[in-house]
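Every number for a ligand or one of its atoms is a count from 1 in the order of the listing.
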Amino acid sequence: MSNSEKVNCHQHGIMDYALVCQHLVNQKESDTPIEYFSGEDIGDLDESEVENVWCKSCDDTLIEQGEWNDVSEAFAAPKVICIACLQTIKNRNMKGEL
Ligand SMILES: [Zn+2]
Ligand SMILES: [Zn+2]
């Protein structure tokens, strides 16, 4: 294990973190499940070991733009959240095929 940085989650304490698009982070429990996609490196943040997760509308924007650039990255506006919170988001939604 490398000494990757941690996040202090108000629910889970000191945890590893992931970058997750604003739509998934802001989703409410009562919202309809959506497809999510998982990969590495939204934009040029140099954090290759960090999992990046984004939703269907972000993926549509990504396909439209052809890559993570200013437009697609601004649309996703990825947030740092802990991996346990990410797991909750994953459990609520369904994994899409890249
Ligand atoms: Zn999104
Ligand atoms: Zn958490």
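- Between I34 and the options R92, K56, Q27, a side chain to side chain contact (heavy atoms under 4.5 Å, CB included) holds for only Q27.
- Here the shortest heavy-atom pairing between P33 and N93 reads CA-OD1, 3.3 Å.
- In summary, no N, O or S atom of H10 is located under 2.8 Å from the Zn ion (ligand 2).
- With the Zn ion (ligand 1) as the vertex, atom SG of C55 and atom SG of C58 span an angle of 120° (nearest 10 degrees).
- Closest N/O/S atom of H23 to the Zn ion (ligand 1): ND1.
- In this structure, W54 and F37 have parallel ring planes: the angle between them is below the 30° cut-off, well short of the 60° mark.
- Rounded to the nearest 0.5 angstrom, F75 CZ and S57 OG are separated by 4.5 Å.
- In terms of distance to the Zn ion (ligand 2), the nearest N, O or S atom of H12 is named ND1.
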